[in-house]
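Report on the following structure.
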Amino acid sequence: MSKAKENSNQIFDAIVIGAGISGMYQLYSLRKLGKSVKVVEAGSDVGGTWYWNRYPGCRFDSESYSYAYSFSKDLLEEWDWTEHFSPQPETLKYLQYVAKKFDLKKDIQFNAKVKTANYDSKKTRWVVRTEEGDTFESTFLITAIGALSSPYVPEFKGKDSFRGKSWHTSQWPKESVDLSTKRVGVIGTGATAVQMITEISKDVGELYVFQLKPEYCVPLGNRKIDADTQKDIKKRYPEIFKKCKNSFGSFLHDFDERSALDVPPEERERFYEELWGQPGFGLWLGNFHDILTNQEANDTVSEFVRKKIKEQVDDPVIAEKLCPKDHGFGTRRVPLESGYYKAYNRPNVHLIDITENPIENITPSGIQTKESNIDLDLIIYATGFDAITGAFKNIEITGEEGQSLEEKWKDGPSTYLGLQTQGFPNFFTLVGPHNGSTFCNIPRCIEQNVEWVSECVKYMSDNGFSKIETEKKAEEEWTQHVYEVAEPSLLMKTDSWFVGANIPGKKRNFLMYAGGSPTYRAKCEEIVENGYEGFKLS
Ligand code: NAP
């Protein structure tokens, strides 16, 4: 009997799509309630983001110990992070360790890509079909498909004619790639490219970076964790998680209550210097509270970072090209760097500003720009993702009346708490659009999302309910609240994946939740306390 046939029509309490950080914890958490769960995962192992993104230089931008799962004291005690910002291979090992410790893999179907997920009103069940031919049915459907998991590669003219190799950063081969004699082109300069360019520039033949908009990159400040620090971290875990719980983005950094404009210029400059010297997101998320809402306040820090960029780059013409001018610091995701700017001081690293010298087409031998033809052996697309809603479009999801989710969200997502959408009963979207976890040190908010969903499932079992759906009014109010909270933010006014502006044809909408994690969590708790206000339980 074929494997697909063997797996056909199995019925579970819940199907979880994706075995990354959220899917793994959702499985653990529902299993603890005694529920039967099947996780369906496209990759051949657990890890999600940290399984797919294995490009050189890939590592955390969050402090490792603030990113770890917090639900198991044993796990916290057993696992030693070796660096303050863990590199991808170590993170993947950590997630494999978690899967082994909690025996998760027995309920995960790997190498299985979900093609359709349809709510069958007669059966009152979700029916999930994979590209490989399996069918699973369940009472609940939970997506754990990641916010940045649908790669975007622009349609450059002639793209398929290239005779060398090419891939998107999230499709970096598992086997090692020797670039030491290669001519490599990287398109894009976002957070991914910043990490990767820094790493590959150390051992590449020639590197050509094709840049549209430069970013404001801040030093990561990574270090090894020594034995004493390790002990101290383990002792301080409760304090670390408490701090994350109370901060705006669930990071170890939180905004300063002062306005950038109320502080004398010399003091402000000293504060920026201090934040610049801190590891991680200090300058972004530990800064004056108004740098992301007040243009004048933002200008002060933007100018500070531009000055820092220029100090690191030898050639003033290149330095100028690396300085963002059309948007303010922190209004797009801030890349953290470990030698990115200095990479441009190497003779084999070449910056091509494609706002001045656009890519005309990809040729069989490389990239043709307006001014020159650059021969390449490899083209790496560091061109980002169809963020937050993109991964939903890769699955044909239909709800109660056969309504298509893609159709429903074509002009922008509409959700209640970023966790449910009306017309799709018993369907939960972990890290979904307009969910608090989208602007967050993600595992911290993933744990909140997962625990909220599990608590809801338990509440339903305990009280004899089998169906939960969002009320239209609650969804409208939440969606409006999301936009109202985002409105004063400079993030809203800047082009980035936060608003879908990176994908041609995608309607501009704020896709995240800008109210901060504590507010989001409080709202979720309040709704539960009020008997799942805004949801219809039957
Ligand atoms: P990204 O920030 O969206 O950057 C994509 C890059 O491709 C941008 O420089 C963009 O330029 C460029 N691009 C897009 N279309 C192009 C075109 N047609 N021609 C030339 N260039 C084009 O994507 P990313 O760097 O993959 O990062 C995505 C997110 O992943 C980050 O924001 C972050 O949240 C996450 N990430 C996290 C970590 C971490 O935690 N350690 C590391 C890496 C990434 P324009 O911006 O000018 O359009």
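Positions are given from 1, in the same order as the sequence printed here. For ligands, and for the atoms within them, numbers begin at 1 and follow the listed sequence. All heavy atoms count here, side chains included; hydrogens, waters and symmetry mates do not.
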Going by an N to O cut-off under 4.0 Å, is there a salt bridge joining Glu273 and Lys308?
yes

Just checking Trp478 against Tyr513, ring centres under 6.0 Å apart?
yes

What protein heavy atom sits nearest atom 23 (O) of ligand 1, and how far off is it?
Gly384 CA, 3.1 Å

Which pairs pass salt bridge (charged side-chain N to carboxylate O under 4.0 Å, His left out) with one or both residues in residues 84-99, sequence neighbours excluded?
none

Could you tell me, atom by atom, which parts of ligand 1 come under 4.0 Å of a heavy atom of Gly188?
6 (C), 7 (O), 9 (O), 12 (C)

For atom 11 (O) of ligand 1, grab the closest protein heavy atom and report residue, atom and distance to one decimal in Å.
Leu212 CB, 3.7 Å

Numbered atoms of ligand 1 (with element) below 4.0 Å of Pro154, judged on heavy atoms:
15 (N), 16 (C), 17 (C), 18 (N)

Lys NZ or Arg CZ of Arg306 over Phe304 ring: under 6.0 Å, within 45°
no

In short, side-chain hydrogen bond (donor to acceptor under 3.5 Å, both in side chains) pairs touching residues 321-333 with sequence neighbours left out are Asp61-Arg333, Glu215-Arg332, Glu320-Lys325, Lys321-Glu356, Thr331-Thr494

For atom 2 (O) of ligand 1, closest protein heavy-atom neighbour
Gly190 CA, 3.7 Å

Can you tell me if Lys307 has over 12 outside heavy atoms packed within less than 6.0 Å of its NZ?
yes

Salt bridge Asp80-Lys234, side-chain N to carboxylate O under 4.0 Å
yes

By number and element, which atoms of ligand 1 are closer than 4.0 Å to a non-hydrogen atom of Phe385?
26 (O)

Measuring from the heavy atoms of Phe60, does anything fall under 4.0 Å of ligand 1?
yes

Can you confirm whether more than 12 heavy atoms, excluding those of Lys242, are under 6.0 Å from its NZ atom?
no

With backbone taken as N, CA, C and O and side chain as the heavy atoms from C-beta onward, which portion of Ile354 lies under 4.0 Å from ligand 1: side chain, backbone, both, or neither?
side chain

Please classify the Ala191 to ligand 1 contact at 4.0 Å (heavy-atom distances, strictly less than): side chain, backbone, both or neither.
both

Please could you name the atoms of ligand 1 that Ile187 approaches to less than 4.0 Å, counting only its heavy atoms?
20 (C), 21 (N)

Closest approach of any protein heavy atom to atom 30 (O) of ligand 1, naming residue and atom:
Leu148 CD1, 3.4 Å

Looking at Glu206 and Lys182, is any side-chain nitrogen of the basic one under 4.0 Å from a carboxylate oxygen of the acidic one?
no

SB check Lys506 Asp386 (cutoff 4.0 Å)
yes

May I ask you to identify the nearest protein heavy atom to atom 44 (C) of ligand 1, giving residue, atom name and distance to one decimal place in Å?
Thr192 OG1, 3.3 Å

Please could you name the atoms of ligand 1 that Arg59 approaches to less than 4.0 Å, counting only its heavy atoms?
39 (C), 41 (N)

With a 4.0 Å cut-off on heavy atoms, does Phe156 reach ligand 1?
yes

Please report which non-hydrogen protein atom sits nearest to atom 40 (O) of ligand 1, along with the residue it belongs to and the distance in Å to one decimal place.
Arg333 NH2, 3.1 Å

Does ligand 1 have an atom under 4.0 Å from some heavy atom of Arg332?
yes

When you check the side-chain N and O atoms of Glu451 and Tyr25, is any donor under 3.5 Å from an acceptor?
yes

Shortest protein contact, atom 28 (C) of ligand 1 (heavy atom only):
Trp497 NE1, 3.8 Å

Return yes if a side-chain donor-acceptor contact under 3.5 Å exists between Ser44 and Tyr51, otherwise no.
yes

Using a 4.0 Å cutoff against the non-hydrogen atoms of Gln195, which atoms of ligand 1 qualify?
41 (N), 42 (C)

Ligand 1 atoms nearer than 4.0 angstrom to some heavy atom of Thr189 are 6 (C), 8 (C), 9 (O)

Please confirm whether Tyr55 comes under 4.0 Å of ligand 1, counting heavy atoms of the residue only.
yes

For ligand 1, is any non-hydrogen atom under 4.0 Å from Lys213's backbone (N, CA, C, O), its side chain (CB onward), both, or neither?
both

Tell me: protein heavy atom nearest atom 5 (C) of ligand 1, and distance?
Ala382 O, 3.3 Å

Decide yes or no on ring pair (Phe, Tyr, Trp, His ring centres under 6.0 Å) for Trp79 and Tyr65, but give the supporting numbers first.
CA-CA 10 Å; Trp79 185 262; Tyr65 29 89; over 10 Å; no

